[in-house]
Structures are given as C-alpha cells and as structure tokens.
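Computed over heavy atoms, backbone and side chain alike; hydrogens, waters and symmetry mates excluded.
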Amino acid sequence: MSSQQSSLFLTHSFTPQHRYARSVNLERDLARSEAIAGYILTPRAFEALIRIFQALKHPKNQRAWMITGVYGIGKSAFAQFLAVLCGPKSTTLYGQARAILDRACQEQEENWPEIEEILPKKSLFRAIATGQAEPLRWTVIRA
C-alpha cells in the first residue's frame with residue numbers, strides 16, 4: 001500500500017471529533033455548545049467537580065483551587081464544563097452539561113452524595129478571563 005493509499009484509508013476510517021481539533025479558550029468558547037459537546041467527565045474530573053461543589057455549599061471551606069497538569073490534559077475543558085454548570089439553568093448549554101454529568105453519575109461506582117444536593121440552586125456570577133501579561137486588576141475588570 002502506498003503512502004497516498006494509506007493516508008486515504010486513514011481519512012475514511014477515522015474521523016476525529018471537532019472538539020479535539022483545537023484547545024478550549026474559556027473566553028472565546030464559554031457560550032459555544034460545540035465546546036461542551038462530547039466532553040468526557042473522567043473519574044478524576046468528576047471527583048474534583050464534587051469537591052468544588054461541596055465546598056461552595058460551606059462558606060468557611062476552602063474556595064480557591066489550582067488545577068494543574070500537562071498540556072492537553074483537559075484543564076480548560078474542565079473549567080468550561082464547571083462554568084457552564086454554575087451558569088443559568090435555562091440554557092441549552094446547561095442542558096448539555098447536565099446530561100454529561102448525569103451520565104457520569106450513573107457510571108461512577110463510588111458512593112457520592114446526590115448530585116441535586118450539591119449543585120448550586122441558583123446560577124452563580126461567573127467572571128471568566130484568560131491570564132495575560134497585564135496588571136491583575138485589568139484582568140479582573142475584563143472578566
């Protein structure tokens with residue numbers, strides 16, 4: 001098989017999902033349903049989500065987190081998923097994110113609290129900004 005034939009074979013055999021073609025940019029993609037479509041809530045991300053939502057219920061708990069990992073592991077996609085779940089419940093995006101969350105809850109074998117008990121009852125004010133080489137106060141104002 002020539003390299004042109006094998007390239008053609010691969011093109012017809014595999015179709016990568018669009019969401020994996022470029023990285024998530026929180027400012028650009030927050031309101032785009034394509035950026036949430038196909039999100040895979042891994043067990044580790046699910047655990048982080050539960051911990052964050054549980055902490056939001058108790059004002060004296062730690063309420064600042066640092067998410068670290070190598071390039072391309074899904075930190076921004078997770079942050080976007082979290083931001084959508086904290087946003088208005090009447091949006092299509094929320095419905096998509098909630099379906100993903102419900103599916104993940106069914107797949108988990110751990111004894112987690114009921115998801116309805118820990119999700120924010122009302123949407124939260126979200127201030128989204130991507131860090132730049134600028135004074136921090138400008139970033140907060142931009143958010």
Side-chain angles (χ1 to χ4, degrees), residues 3-4 6-143:
S3 65
Q4 184 179 17
S6 36
S7 175
L8 190 58
F9 172 76
L10 287 174
T11 302
H12 291 296
S13 300
F14 302 101
T15 307
Q17 290 186 11
H18 178 70
R19 76 169 275 97
Y20 302 113
R22 66 185 173 115
S23 62
V24 172
N25 177 293
L26 295 174
E27 288 181 72
R28 177 192 67 211
D29 296 334
L30 184 62
R32 295 178 50 146
S33 64
E34 306 87 45
I36 278 288
Y39 178 71
I40 298 170
L41 187 60
T42 65
R44 188 95 180 216
F46 184 79
E47 181 181 331
L49 192 74
I50 297 295
R51 291 175 71 185
I52 290 168
F53 283 145
Q54 285 178 327
L56 289 174
K57 294 286 184 189
H58 305 286
K60 294 186 181 203
N61 283 2
Q62 173 182 332
R63 295 173 77 169
W65 299 271
M66 180 177 6
I67 299 172
T68 61
V70 298
Y71 177 81
I73 202 166
K75 299 175 297 290
S76 294
F78 173 76
Q80 180 187 28
F81 183 71
L82 176 64
V84 169
L85 285 174
C86 291
K89 294 178 180 358
S90 60
T91 66
T92 303
L93 266 176
Y94 181 86
Q96 283 181 274
R98 185 56 200 264
I100 292 167
L101 179 61
D102 290 343
R103 197 170 324 113
C105 285
Q106 293 172 356
E107 295 170 0
Q108 299 300 317
E109 296 178 10
E110 304 286 333
N111 284 330
W112 296 109
E114 286 295 320
I115 206 69
E116 290 298 328
E117 292 176 19
I118 60 170
L119 280 173
K121 300 289 183 228
K122 296 180 180 180
S123 60
L124 304 176
F125 179 79
R126 302 167 299 164
I128 306 293
T130 305
Q132 297 182 37
E134 65 184 3
L136 181 59
R137 66 178 176 267
W138 293 3
T139 306
V140 171
I141 291 168
R142 194 164 35 85

Minimum heavy-atom distance between [X] and [Y], given as atom pair plus value:
X: Gln54; Y: His58; result: O-CD2, 3.3 Å
X: Arg142; Y: Ala129; result: NH1-CB, 4.2 Å
X: Ile36; Y: Ala97; result: CG2-N, 4.2 Å
X: Glu134; Y: Thr139; result: OE2-OG1, 2.6 Å
X: Gln96; Y: Ser33; result: OE1-CB, 3.0 Å
X: Tyr94; Y: Pro88; result: CB-O, 3.4 Å

When you compare the side chain of [Y] with that of [X], does any pair of heavy atoms fall below 4.5 Å?
X: Leu101; Y: Phe81; result: yes
X: Lys89; Y: Lys121; result: no
X: Phe53; Y: Leu82; result: yes
X: Arg51; Y: Glu47; result: yes

Keeping the roles fixed (side chain from Gln80, backbone from Val24), state whether a donor-acceptor pair exists under 3.5 Å.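 Judged by distance alone, no pair lies under 3.5 Å.
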If you round to the nearest 0.5 Å, how far is [atom2] of [Y] from [atom1] of [X]?
X: Ile50; Y: Cys105; atom1: CD1; atom2: SG; result: 6.0 Å
X: Cys86; Y: Leu56; atom1: SG; atom2: CG; result: 6.5 Å
X: Ile67; Y: Ile73; atom1: CD1; atom2: CD1; result: 11.5 Å

